[in-house]
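For the numbers below, each heavy atom of this structure counts, side chains included, while hydrogens, waters and symmetry mates do not.
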Amino acid sequence: VPNLAQGAMTMLGAYVVLAFIGNAGLPMWLAIPAAIVAMFIVGIGIERVALRRLAGRPIVMILMMTLGLEILLRAGTMTIWGGSGRPLSLGISDAPLFVGPLLINRAYAFGALVALVMFGLFVLFFRTRLGVVLRAISDDYTAAWSVGISVERGVALSWAMSAVVATVAGALWGSVQGVDQSLSLLLLKGVTVAVLGGLDSIGGSLLAGLLFGVVEGVASSFLDPLVGGASRDLVDAAMLILTILIRPHGLFGRHDIERV
């Protein structure tokens, strides 16, 4: 089930990092791990309070719950921290990185490196016993229940892991554009990449992310002069809609056929 609260969790993770820096006085190298631990607990709490009682219910009910969580988290962060942007510096130089004739933003390069490292860690994790259990729950939670797997614990762990990823993403993107409510808009990009690659394909999501970045950049460069700029969100939404209409299981996702 797509987590529609992931964008808001990304924003919350960035605000938590700022809170540990500004309020607790922690240095950056301690603030980020502390925020990761805090958001890990938040993820488990969200599953325990809001989602556990929906186990076995229709997917649309869980989807609407995650949408409600997204609205709640955005409203909560607005109430606590306000709507003004706040800078978040990771100590990355603003000087461009020269790769032949190309100029690459160092923050983007660092973010890409972190993403690759996390991708590798998740690939290794899903080969472990616990990772196989989570894959079994994702594939068929009813069958997982029938063989004695604790589906509730598995779902709680998946929410905790998504909160950790959200915190890392929030810190990285917050260092580029600052921390404000617009960080939650990363949800649209994330959902588009996940659907395009296939919700059950990790490698597909990686390749879809590269394809998504190229299409978004090229298409917006042509559309911006026509519409006056800010066409990236339009391109993102168009890619999501077209993928759902043409190939709903994604480029590399599994296409299940059921007898009715």
Side-chain angles (χ1 to χ4, degrees), residues 1-10 43 46-47 50-51 54-71 73-74 115 118-119 122-123 125-126 131-146 149 151 154-155 157-159 161-163 165-166 169 184-220 222-223 231-260:
V1 178
N3 177 13
L4 299 183
Q6 190 67 17
M9 291 175 67
T10 299
I46 289 175
E47 188 280 333
L51 294 170
L54 295 180
R57 300 294 181 88
I59 291 179
V60 67
M61 294 183 63
I62 303 175
L63 199 64
M64 290 300 101
M65 175 60 79
T66 63
L67 178 60
L69 288 170
E70 196 269 346
I71 297 172
L73 291 175
R74 290 183 64 180
M118 295 190 69
F119 173 77
F122 274 110
V123 169
F125 171 76
F126 281 115
V132 172
V133 167
L134 291 186
R135 290 167 59 189
I137 294 173
S138 175
D139 187 65
D140 191 334
Y141 66 87
T142 303
W145 257 324
S146 67
I149 294 176
V151 174
V155 174
L157 178 60
S158 67
W159 271 85
M161 292 170 61
S162 71
V165 173
S184 62
L185 297 178
L186 287 175
L187 169 68
L188 178 59
K189 299 181 186 294
V191 170
T192 303
V193 169
V195 173
L196 179 62
L199 293 176
D200 57 349
S201 175
I202 298 178
S205 296
L206 180 64
L207 295 176
L210 297 175
L211 177 62
F212 172 82
V214 172
V215 173
E216 183 190 50
V218 173
S220 62
F222 285 101
L223 291 176
S231 65
R232 287 181 177 269
D233 290 340
L234 177 63
V235 174
D236 299 346
M239 291 182 65
L240 176 60
I241 293 172
L242 289 175
T243 302
I244 293 174
L245 289 176
I246 299 173
R247 195 175 178 87
H249 56 280
L251 296 176
F252 304 97
R254 185 180 59 194
H255 188 193
D256 292 328
I257 300 176
E258 298 181 1
R259 185 182 300 275
V260 179

### Task
Check step by step if side-chain contact (heavy atoms from CB on, under 4.5 Å) holds for Asn3 and Trp159.
CA-CA 9 Å; Asn3 177 13; Trp159 271 85; 3.3 Å; yes
#### Entry: Derivation and outcome, side-chain contact (heavy atoms from CB on, under 4.5 Å), residues Val132 and Phe126
CA-CA 6 Å; Val132 172; Phe126 281 115; over 6 Å; no
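For Ala169, the side chain to side chain contact (heavy atoms under 4.5 Å, CB included) partners two or more places apart in sequence, or in a different chain, are Thr10. Applying the salt bridge (Lys or Arg N to Asp or Glu O under 4.0 Å) criterion to Glu70, with sequence neighbours excluded, gives Arg74. Listed by chain and number, the residues in a side chain to side chain contact (heavy atoms under 4.5 Å, CB included) with Val165 are Met118, Phe122 (sequence neighbours excluded). Residues satisfying the side chain to side chain contact (heavy atoms under 4.5 Å, CB included) test with Ala50, not counting sequence neighbours, are Met65, Leu69. Scored by the side chain to side chain contact (heavy atoms under 4.5 Å, CB included) test, Ala143 finds Asp140, Ser146 as partners (sequence neighbours excluded).
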Let me have the donor-acceptor pairs involving side chains of residues 239-248, under 3.5 Å, with sequence neighbours excluded, atom names and distances please.
unit_1	atom_1	unit_2	atom_2	d
Thr243	OG1	Met239	O	2.7
Arg247	NE	Gly250	O	2.7

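Residues Leu188 and Ala237 come closest through the heavy atom pair CD2-N, 4.2 Å. Minimum heavy-atom separation, Ala194 to Ser205: CA-OG, 4.2 Å. In terms of heavy-atom proximity, Met161 sits nearest to Phe125 at CE-CE2, 3.7 Å. Of all heavy-atom pairs between Ala136 and Ile149, the closest is CB-CD1, 4.3 Å. Contact record, Gly154 with Ile137: CA-CD1, 3.8 Å, taken as the closest heavy-atom pair. Closest non-hydrogen pair, Ala5 versus Leu73, comes out as O-CD1, 4.4 Å.
The distance from the CG atom of Leu185 to the CG atom of Asp236 is 10.0 Å, given to the nearest 0.5 Å. Atom-to-atom distance recorded for Met9:CE and Thr66:OG1 is 11.0 Å, nearest 0.5 angstrom.
Looking only at distances, a side-chain donor or acceptor of Ser158 sits under 3.5 Å from a matching main-chain atom of Val155. Formation of a donor-acceptor pair under 3.5 Å by the Gln6 side chain with backbone atoms of Ser162 is found in this model. Ser138 places no side-chain N or O within donor-acceptor distance of the main-chain N or O of Leu134, the cut-off being under 3.5 Å.
Between Leu251 and Leu211 the shortest side-chain heavy-atom distance falls below 4.5 Å.
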